[in-house]
Student: 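Before we start, here is the structure in question, set down as structure tokens.
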Amino acid sequence: MHRGIRGLPTLGVNIDHIATIRQARRTVEPDPVAAAVLAELAGADGITVHLREDRRHIQERDVRLLRQTVRTHLNLEMAATDEMLATALDIKPDYVTLVPEKREEVTTEGGLDIVSQTARIGGIVDKLQSAGIPVSLFIDAETAQIESSVKIQAKFIELHTGKYAEAGDETSRDRELASLIAGCEQAMKVGLRINAGHGLTYWNVYPVACLPGMEELNIGHTIVSRAALVGMERAVREMKQAICRQLSA
Ligand code: PXP
């Protein structure tokens, strides 16, 4: 949550897909708790998990154990529901990232619409932050969403980098990057702290790491994919390196 070496962002390692492999067989391995220990030993600055309503990967047991074992900080991604609010208030992660959630989606699609749900999401932000849990809102880099995030007094926003990551050519990639830069500048002006994530890889992360005011990048799928082949420690170490310099594809 604080800018790392040379002012570059810190790395929150999302370990959801370690749990995806375990849930494929409904067994006990691999254990996300062990993955978090290895990620931290390799230099992860934080551990992120998404406890989804359908419990397709991370289970409540994982979050409770991670709360006791994570030595860096634990970021709990969750839907803005009363059930998840109660769970977060009980477990007390270091921060919560509110995300939109649809059962049928493969992964989180699009950012939260704060504009149309200011009162409801504002109520959840207020309850969490009053309990000492800072809240980050996963949003698209749009002026109105940032304005509404300020209005409900969230401490952080997490800018959705999915469109940037999926851009098919240089022109659209540059357009998405420009929109992320504008979002960061607007957020900085109003005192919102900035994280980013979704779809980031070893090859596309560097320009996002260089965005103004960027504090933490939450990255999962690409790290777990590499970890399956070369091990968690090397995968995390190489992502830390990728945040510091452009890799050629
Ligand atoms: N940030 C948020 C809010 C997410 O929902 C996800 C996916 O769970 C990520 C970051 C990580 O995305 P990826 O797995 O594509 O790195």
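Counting convention: from 1, in listed order, for ligands and their atoms alike. Just so you know, these numbers come straight off a predicted model, no measurement behind them.
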Student: Check each atom of ligand 1 against the heavy atoms of Phe138 and keep those under 4.0 Å away; list them by number with element.
Tutor: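 Near Phe138, meaning under 4.0 Å from one of its heavy atoms, ligand 1 has 3 (C).
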
Student: Per the salt bridge (Lys or Arg N to Asp or Glu O under 4.0 Å) rule, what does the pair list look like for residues 168-182, sequence neighbours excluded?
Tutor: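 Sorted pair list comes back empty.
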
Student: Quick check: does Leu200 get an N/O under 3.5 Å from an N/O on ligand 1?
Tutor: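 No: no nitrogen or oxygen of Leu200 is under 3.5 Å from one in ligand 1.
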
Student: Number the atoms of ligand 1 from 1 as they appear, then name those within less than 4.0 Å of a heavy atom of Asn14, with their elements.
Tutor: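 Contacts of ligand 1 toward Asn14, numbered from 1: 8 (O).
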
Student: Closer than 4.0 Å to some heavy atom of Ile219 - which atoms of ligand 1 meet that?
Tutor: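 Selected atoms, number and element: 16 (O).
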
Student: Can you list the atoms of ligand 1 that are under 4.0 Å from a heavy atom of His221?
Tutor: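 By the 4.0 Å cutoff, the relevant atoms are 13 (P), 14 (O), 16 (O).
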
Student: Measure Glu158 to ligand 1 on non-hydrogen atoms and call it side chain, backbone, both or neither using the 4.0 Å cut-off.
Tutor: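 Side chain only; the backbone of Glu158 stays clear of ligand 1.
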
Student: Going by atom type alone, with no hydrogens or angles, which donor-acceptor pairs under 3.5 Å involve a side-chain atom of residues 227-236 and a protein atom two or more places apart or on another chain?
Tutor:
{"from": "Arg234", "atom 1": "NE", "to": "Glu238", "atom 2": "OE2", "distance (Å)": "2.8"}

Student: So, does Arg67 use its side chain to make a donor-acceptor pair with the main chain of Lys92 at under 3.5 Å?
Tutor: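 Checking the backbone N and O of Lys92 against the side chain of Arg67, a donor-acceptor pair under 3.5 Å is found.
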
Student: Will you find, in the side chains of Glu40 and Thr72, an N or O donor that is under 3.5 Å from an N or O acceptor?
Tutor: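 Distance-only check passes for Glu40 and Thr72.
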
Student: Yes or no on side-chain hydrogen bond (donor to acceptor under 3.5 Å, both in side chains) for Asn75 and Thr48, after CA distance, side-chain angles and deciding distance?
Tutor: CA-CA 5 Å; Asn75 168 26; Thr48 296; 3.2 Å; yes

Student: Can you tell me if Thr20 uses its side chain to pair, donor with acceptor, with the backbone of Arg56 under 3.5 Å?
Tutor: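 Flag not set: sc Thr20 to bb Arg56 has no pair under 3.5 Å.
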
Student: Do any nitrogen or oxygen atoms of Gly220 come within less than 3.5 Å of a nitrogen or oxygen of ligand 1?
Tutor: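 Min N/O separation from ligand 1 is below 3.5 Å for Gly220.
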
Student: Looking at ligand 1, does any of its N/O atoms fall within less than 3.5 Å of an N/O of Glu77?
Tutor: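 Yes.
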
Student: For Val99, take its heavy atoms, then give the atoms of ligand 1 lying under 4.0 Å from any of them.
Tutor: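 Per the distance check, 3 (C).
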
Student: Are any of the N/O atoms in His17 less than 3.5 Å from those in ligand 1?
Tutor: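 Between His17 and ligand 1, no N or O pair is found under 3.5 Å apart.
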
Student: Donor-acceptor pair, distance only, cut-off 3.5 Å: does the side chain of Glu158 make one with the backbone of Asn195?
Tutor: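 Judged by distance alone, no pair lies under 3.5 Å.
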
Student: Do side-chain atoms of Asp31 reach the backbone of Val33 as a donor and acceptor pair under 3.5 angstrom?
Tutor: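 Present.
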
Student: Quick one: does Thr222 get a heavy atom under 4.0 Å from ligand 1?
Tutor: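 Contact absent.
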
